[in-house]
Amino acid sequence: MGPCSACASLTVEEIRDRMAFYHPNLRSLRDSAAAGCAMCHLCWTSLQQSNVASDVEAVLAGKCPGSADGQPLRDERVWLTGSFQDNFRLHAAAERDKAEQKAGKPASPSIPSFTSPDRGSEVYISCGNREDPETTVSEPFLSGTPAAHRFIERYISADRNPRGHVEFARAMVSVCKKRHPECGDASEDASPEMPTRVVDLGAGPGSTTTTRLVNARDRGLREPYVALSYCWGPGVHHTIELRDANYSKLLESIDETELTAAHRECMTIAREFGIRYVWIDGLCIIQGNGADWEYESKRMDAVYGNATLTVVAARSPDSRQGFITNQVSHAAPPAAIPLGRKDADGKDMGNLFLCLPRKGGFSGPLNGRGWCFQEAVLSRRKLIFEVDRLAFSCQRLERWEDGKASQSEKLRAQLFQGFKLADSTNSYVVDKEERERMRSEILDLWYKPILWDFSRRLLTNPYDIFAAMSGIAKLAQMSIRSRYLAGIWEVDMVRGLLWHTWFSFGTRPKRDFGTLISPLATIEPRRPTDREGKPVIRAPSWSWASLQGQVHERSTPRDEYILKDPSNYLIRPKPRPKQHSIDKHDDESETPSWTALDNPNCGPDVLHMPYCELRFLGRPKQVRCSKWTDIASFPSKWEVPKHRKRSLAEQGYIVLLEPAKSEYSQLSELGLLPIQDTPCVVSLATDGESTAISPALVFAEAFFDVLADRAGVTECWFLPLIKEKWKGLLLRKDPADGKFRRLGMVSVSKKELLPWVVSGPEEEIRLV
C-alpha cells in the first residue's frame with residue numbers, strides 16, 4: 001500500500017519549524033499504520049516505544065493520560081513538527097561563530113555550530129490539546145537519502161547507503177585536518193613516530209605490492225597509519241597471528257583472505273583513506289612472547305596517540321564477525337517524505353527518510369573492555385562503529401551519523417599538556433602556579449572520569465589491570481610529578497586512599513545485557529579471579545585495583561579543598577630520608593616517602609604491582625562491628641537511599657562501629673564513656689539473630705568493599721584519614737606480622753566521639 005491520504009501531501013517544508021495537522025485522532029493514525037502506510041507505521045511504532053502503554057490507551061479512548069477522573073481530551077488531533085538543520089545553515093553558523101569569537105564576542109546561540117551540542121534534525125509527533133499538549137510525544141529522526149546532500153544526517157546500513165560510512169568518515173576527517181590544529185595533522189613533513197611494526201598494505205588501490213609486515217622503526221618510517229581498537233572475542237585465536245615461528249614469513253607476505261573479518265575490514269577502511277599502513281595488535285605484537293608483549297604494552301600511548309585515525313569496532317563482540325555492516329533491524333523501516341523543494345534548475349529534490357531514534361550513550365560491547373578504554377582516550381581521531389550508528393570523535397567535537405553533535409571531552413589534550421614539563425628544550429617556561437594547576441587538573445581527572453570509567457570494565461586477564469592503563473598513567477605522571485604507587489599518586493596519598501566502590505552508593509546492580517555491557521550497569525565488587533575461577537592478587541589491599549568493580553572518589557567541588565588541604569589530614573608520612581623528585585627542575589624537588597622501600601617496584605612502566613607496603617604515622621582505633629539496624633538516635637551519614645541502604649545492610653555490606661572494650665580506658669579519660677554502659681539487645685527480623693550493641697557508643701557506619709571479607713569479622717580497626725569529612729579506612733590486622741589490610745570505608749556520624757577519634761599518640765602503620 002502507498003501513503004495514506006494524510007501522508008500523500010506531506011512534505012518536509014510543510015512541517016518545518018511549525019505544527020502541521022496530520023490525523024484527526026490517534027485511532028486514525030493507528031488504523032492507517034495497520035493498513036500499511038509506511039509513514040504512519042513509523043510514527044505509530046515510535047509513539048508506542050516512547051510512551052507508557054496505559055497513556056497510549058487513554059489517548060486512543062479520547063482521555064487525558066494519567067487523569068484520575070478520565071478527563072476527556074479537549075482536542076484529539078495529531079500534529080507533526082519538524083526541526084531541520086541543514087549543512088548550509090550549520091556551515092554559516094560555524095563561520096559566523098568563528099568570526100565573532102575572533103572579535104572577542106560570544107558565539108550566538110540561535111543556530112548550533114559544528115562544535116556546539118545539537119540534536120540534529122527531528123520530527124515530533126504529538127496528540128492532544130494544541131496549546132497544552134497532554135501528550136504522547138516521540139522523535140523519529142531525519143535520515144537520509146536522495147536529498148541528503150543538503151543535510152548532515154545519514155542512515156548507514158547494508159540495504160540503505162551501504163557506503164555511507166566512507167562518505168561520512170571522509171567528510172569528518174577532512175574537516176578535522178583542515179580546521180582542528182589541536183588534533184594534529186600527520187602530514188608527510190611532520191609525521192609522528194610509528195609503532196615498532198605495522199602492516200604494509202601496498203602502494204595504493206590496484207597495487208600489486210604484497211600485503212606484509214614491516215619493521216617501521218628499523219626502517220625509519222614516519223608515515224600516516226590507521227590503528228584498530230576491537231574485541232578479539234572469548235577464546236578467539238586468529239588464523240593468522242604474529243608469532244616467533246611465523247615472523248619471517250609475515251615479513252614476506254600476509255594472505256588477507258585468511259585474516260579475521262575485523263582485520264580485513266580495518267584494512268579496507270585504511271585503503272579508502274589512501275593510508276598505506278595499519279597497526280593491529282594481533283599482527284604487530286608477537287603473541288606468546290612475554291618480553292615483546294611487555295615492551296609494546298608500555299608504548300600504547302604512542303601507538304594510539306600517533307595514529308592518523310583509530311578505527312573502533314565497538315559494535316562487535318567478536319573479531320570474526322566484522323563490524324562495518326550495521327546489522328540492527330528496527331521495529332519499523334525508514335519512511336520516505338518528499339523534501340518539497342526544487343533545485344536551481346526547477347527539478348524536484350526528491351525524498352528524505354525518517355527513521356526511529358537510534359540508541360544514545362551506548363557504543364557497544366567494546367565499551368566494557370579494559371584495554372579499549374586507554375585506546376579510546378589516547379586516540380586523536382576515532383571512527384566509531386557503534387551498535388546502530390556511526391560516530392566520529394576528535395579533540396574538538398563528536399558527531400554521529402544521525403546528526404547529533406557535541407563537544408569532545410578533551411581528555412587526551414589535558415593529558416598531553418604534561419609534555420610542556422617534560423620537554424627541556426621547550427622555550428615555554430611553566431611557572432610554579434601553572435604546574436600546580438596542571439597537577440590539580442590531572443588529579444581530578446584521574447579520580448573521577450578515568451578511574452570511574454576504567455574500573456567498571458572487564459579484563460580477560462585480570463593481571464593486565466595496570467598494563468591496560470599504563471599509557472594514560474605515563475602521560476598523567478608528566479603533569480602530576482609524583483611516584484605512581486599501584487594506581488594511586490603519592491603526592492595525593494590521603495585522597496587516593498579514600499576511594500569508594502561505586503556499588504556502595506546504592507547504584508543499581510548489573511543487568512543482563514548479554515554481550516552488550518551498559519556503562520551504567522554496576523557489578524557487585526569482588527576479588528579478581530583467573531580464567532579457572534581461582535583468586536588472584538594483583539594489587540595491594542589499599543589499591544582500588546585489588547578488586548573488580550567500579551570505584552569513585554565521590555567528592556564534589558564544594559569539598560575539594562578539604563581533600564587537598566594537608567591541615568585536614570589525620571595521617572602523615574613517617575620522617576625518613578627524602579627522595580628526589582622525577583623532575584630535577586621542579587621547585588618541590590624533595591617529597592616525603594609514604595612507602596617502606598625507596599624503590600617499591602611501582603610506576604607507570606611497571607605492569608605488575610601485586611605488593612607495595614605503605615609505612616606512615618596515624619592513630620588507628622580498635623573497633624567492634626555490629627549488624628546494621630535502625631537506631632533512632634544514630635545520625636546516619638552514608639550517602640545511600642534508605643531502601644537501598646537497608647538491602648545492603650541485610651546483605652552484610654554495611655555495619656555499625658563502636659569502640660572496642662580496649663578503648664574504654666581512653667574514652668573514660670576523655671569523659672566520653674556513658675555513666676551506665678548497658679548493652680541493648682536488638683533482634684534483627686531478617687534472620688532472627690540477636691546482637692548486643694551499645695547505642696550510646698555507636699559512632700560510625702562502615703561499608704565493606706567486598707562481601708566475602710565480612711564473614712567472621714567482629715573486631716577490626718578504624719584508621720581516621722581526614723577531618724571535616726571525617727572518613728577513614730576499615731582495616732584488619734594480621735597478628736603474625738602486625739600489618740594492616742583494607743576491608744572498606746568508614747564514615748563517622750556521631751561527633752560527640754571525635755575527641756577520641758583524634759586522641760592518643762601516633763603509631764607506625766604498615767599497610768599492605
Side-chain angles (χ1 to χ4, degrees), residues 1-85 119-143 153 155 328-338 340 351-362 388 402-404:
M1 174 182 171
C4 67
S5 58
C7 297
S9 60
L10 198 64
T11 68
V12 169
E13 290 300 299
E14 183 182 354
I15 64 175
R16 175 177 227 146
D17 300 324
R18 67 187 183 89
M19 296 186 76
F21 174 74
Y22 188 32
H23 275 276
N25 51 54
L26 195 59
R27 297 180 295 281
S28 172
L29 173 65
R30 177 198 60 190
D31 295 344
S32 179
C37 176
M39 179 66 179
C40 292
H41 176 49
L42 181 74
C43 293
W44 172 242
T45 301
S46 187
L47 283 168
Q48 291 178 297
Q49 288 184 346
S50 56
N51 292 275
V52 178
S54 59
D55 288 350
V56 176
E57 290 298 322
V59 175
L60 284 171
K63 308 294 183 182
C64 292
S67 60
D69 55 355
Q71 180 182 356
L73 286 171
R74 289 165 53 191
D75 187 340
E76 289 193 64
R77 287 177 291 180
V78 182
W79 305 88
L80 290 180
T81 306
S83 173
F84 300 94
Q85 304 291 347
R119 294 174 57 85
S121 298
E122 302 167 327
V123 172
Y124 303 87
I125 177 170
S126 59
C127 179
N129 185 326
R130 185 174 182 179
E131 288 71 34
D132 181 24
E134 299 284 353
T135 84
T136 48
V137 176
S138 133
E139 304 167 7
F141 287 81
L142 176 71
S143 178
E153 291 85 350
Y155 188 85
V328 173
S329 58
H330 292 275
I337 180 171
N351 297 329
L352 294 176
F353 286 81
L354 298 180
C355 67
L356 293 173
R358 263 121 350 139
K359 289 182 171 62
F362 177 46
D388 63 352
D402 58 11
K404 289 185 174 63

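Residue numbers start at 1 and run along the sequence shown. Only this structure's heavy atoms are used, side chains among them; waters, hydrogens and symmetry mates stay out.
Residue Thr81 comes nearest to Met19 through the heavy atom pair OG1-CG, 3.2 Å, listed as atom of the first residue, atom of the second, then distance. Residues Cys64 and Pro72 share a closest heavy-atom pair of SG-O, 3.7 Å. In terms of heavy-atom proximity, Arg27 sits nearest to Leu60 at NH1-O, 2.6 Å. Across His41 and Ala331, no two heavy atoms sit closer than the pair NE2-O, 3.8 Å. Scanning all heavy atoms of the two residues, the minimum distance from Thr11 to Gly340 falls at CB-CA, 3.9 Å.
To the nearest 0.5 Å, the span separating OH on Tyr22 from OG on Ser126 amounts to 12.5 Å. For the atom pair SG of Cys127 and CG of Leu73, the computed distance is 6.5 Å after rounding to the nearest 0.5 Å. For the atom pair SG of Cys40 and CG of Asp31, the computed distance is 10.0 Å after rounding to the nearest 0.5 Å. Rounded to the nearest 0.5 Å, atoms CG (Leu29) and CZ (Arg77) are 15.5 Å apart. To the nearest 0.5 angstrom, Leu80 atom CG is 8.5 Å from Glu14 atom CD.
With sequence neighbours excluded, the residues satisfying salt bridge (Lys or Arg N to Asp or Glu O under 4.0 Å) with Glu13 are Arg16, Arg341.
Side-chain atoms of Val123 and Val12, non-hydrogen and from C-beta on, never get closer than 4.5 Å to each other. At least one side-chain heavy atom of Trp44 sits less than 4.5 Å from a side-chain heavy atom of Leu26. Residues His23 and Ser32 have side chains in contact (heavy-atom distance under 4.5 Å, counting atoms from C-beta outward).
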Stepwise side-chain contact (heavy atoms from CB on, under 4.5 Å) test for Ile337 and Asn351:
CA-CA 5 Å; Ile337 180 171; Asn351 297 329; over 6 Å; no
For salt bridge (charged side-chain N to carboxylate O under 4.0 Å, His left out), just list the numbers for Glu57 and Lys63, CA-CA rounded to whole Å, side-chain angles, deciding distance to a tenth of an Å, and then say yes or no.
CA-CA 9 Å; Glu57 290 298 322; Lys63 308 294 183 182; over 6 Å; no
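Just one of Leu356, Asn51, Ile125, Leu354 meets the side chain to side chain contact (heavy atoms under 4.5 Å, CB included) condition when paired with Ser46; it is Leu356.
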